[in-house]
Amino acid sequence: PVTGIITTAGTAAGKMASDFEDAMAKVSTIADTTEMPIEDLEKAILDLSNQTGISSSEIASNVYDAISAGQKTGDAVSFVEKSTKLAKAGFADSGAALDILTTIMNAYGLEVQEVTRVSDILISTQNLGKTTVADLASSMGKVIPTAKANGVSIENLSAMYAVMTANGIATAESTTYMNSMLNELGKQGTSAANAFAKGTEHIKEGGLTMKEAMEMGWDLTDVLSILDEEAHASGTSIANMFGSAEAGKAANVLWDKEEKLNEVVGEMGNSAGATDE
């Protein structure tokens, strides 16, 4: 029996070593070894594996994905270390955490030193809403391009998720509703965009676009306030300023929780240390 156990353990160890070698061979195909020699990269991955208890082959695969997503070879292990922390704090697997971080960083054009800030914002979203980083990782990528295109910061977007989910709307549904709302607000010719332009004609001839307003430092509640005024002037509700029921529902919930949304946006700006805590 003892011999059998030793043989099984040896076979498992051999499989792990083989998997790590395969993963490192994959990393070597895209790593810039002028930034970090492959031997140093291998040592850093093994050290991180020992620190976290995550298999070295999984970390090596994540390093490959990080470099593929645009991180520099010299920063890749550190980036994966941050994403591993986020995964543990956010009830997600390390690959999902890495994916949402790289998606946000690339979409918003953020530098590697801002990865901790993004991680802290995601954890604050989890803390303030009824969602997890794992939930966000599975659907947030669908709305991030729309948010960025319309000037919505990651702090504002995350605050919207916190408020929507806290009010009983699941993360995936929140994504659909908010994406519809932002699309209609940002697309020229829609009822919502036309109403917003009409309500801001006193600021600029022909009115503002949502992106212009956000670039001027507006928050989403400022935009919704204009729509609410236009809705009242038309004898209707803010939900009816949108063409789709999904968009209208997002606007209705977020405007109804205006004070809370502003409060959460502020908390997103003060979320430093949330991941470590």
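Residue numbers count from 1 along this sequence. Nothing here was measured: the structure is a model prediction, and the numbers come from that model.
- Not one N or O on the side chain of S49 forms a donor-acceptor pair closer than 3.5 Å with the backbone of I45.
- Using a cutoff of 4.0 Å between basic side-chain nitrogens and carboxylate oxygens, D32 and K72 are not scored as salt-bridged.
- Side-chain contact of S191 with N194: a donor-acceptor pair under 3.5 Å is absent, judged by distance alone.
- The closest donor-acceptor contact from the side chain of S57 to the backbone of A23 lies at 3.5 Å or more, if one exists at all.
- Rounded to the nearest 0.5 angstrom, T221 OG1 and N262 CG are separated by 3.5 Å.
- Annotation: the span from L86 atom CG to E81 atom CD amounts to 13.0 Å, rounded to 0.5 Å.
- Without hydrogens or angle criteria, N106 side chain to T102 main chain gives a donor-acceptor distance under 3.5 Å.
- Taking CE of M105 as the start and CG of L98 as the end, the distance is 11.0 Å to the nearest 0.5 Å.
- Between W255 and F242, the ring center distance fails the sub-6.0 Å criterion.
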Next on the checklist: The test is side-chain hydrogen bond (donor to acceptor under 3.5 Å, both in side chains); show your working for T84 and T52 and say whether it passes.
Outcome noted: CA-CA 8 Å; T84 301; T52 61; 5.8 Å; no
Checklist entry - When you look at E263 and K257, which way does the salt bridge (charged side-chain N to carboxylate O under 4.0 Å, His left out) test go after all the steps? => result CA-CA 10 Å; E263 177 188 322; K257 302 296 179 183; over 6 Å; no
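- At distances below 3.5 Å, not a single donor-acceptor pair connects side-chain atoms of T200 with backbone N or O atoms of I203.
- Here the OG1-CG distance, from T131 to L136, works out to 4.0 Å after rounding to the nearest 0.5 Å.
- Considering CE of M178 and CG of N183, their distance stands at 12.0 Å, rounded to 0.5 Å.
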Next on the checklist: If you apply the rule side-chain hydrogen bond (donor to acceptor under 3.5 Å, both in side chains), what do you find for D65 with S68, and how did you get there?
Outcome noted: CA-CA 5 Å; D65 290 340; S68 296; 5.0 Å; no
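- For S55 (side chain) and E58 (main-chain N/O), a donor-acceptor pair under 3.5 Å exists by modelled atom type.
- The backbone N or O of D219 lies less than 3.5 Å from a partner atom in the side chain of D222, making a donor-acceptor pair.
- The pair E229-K198 does not count as a salt bridge, with every side-chain nitrogen at least 4.0 angstrom from each carboxylate oxygen.
- Neither F91 nor I54 shares a network with the other; the hydrophobic side chains, linked directly or stepwise wherever heavy atoms of I, L, V, M, F, W or Y lie under 4.5 Å apart, form separate groups for each.
- In this structure a side-chain-to-backbone donor-acceptor pair under 3.5 Å is present from D93 to G95.
- Looking only at atom types and distance, the side chain of S225 has no donor-acceptor partner in the side chain of D228 under 3.5 Å away.
- Stacking of K26 on the aromatic ring of Y64 is recorded, both the 6.0 Å distance cut-off and the 45° axial limit being met.
- With E184 contributing its side chain and S244 its backbone, the two residues share a donor-acceptor pair below 3.5 Å.
- The pair K249-E246 fails the salt-bridge criterion, with no side-chain N (NZ, NE, NH1 or NH2) lying under 4.0 Å from an Asp/Glu carboxylate O.
- Within the 3.5 Å criterion, the main-chain N or O of A76 finds no donor-acceptor partner in the side chain of Q71.
- Of the possible polar contacts, none joining the K148 side chain to the G109 backbone as a donor-acceptor pair under 3.5 Å is found.
- Side chains of T175 and Y161: a donor-acceptor N/O pair is present below 3.5 angstrom, by distance only.
- Within a 6.0 Å radius of CD in E111, no more than 12 heavy atoms belonging to other residues, nucleotides or ligands are found.
- For the atom pair K187 NZ and N150 CG, the distance stands at 12.0 Å (nearest 0.5 Å).
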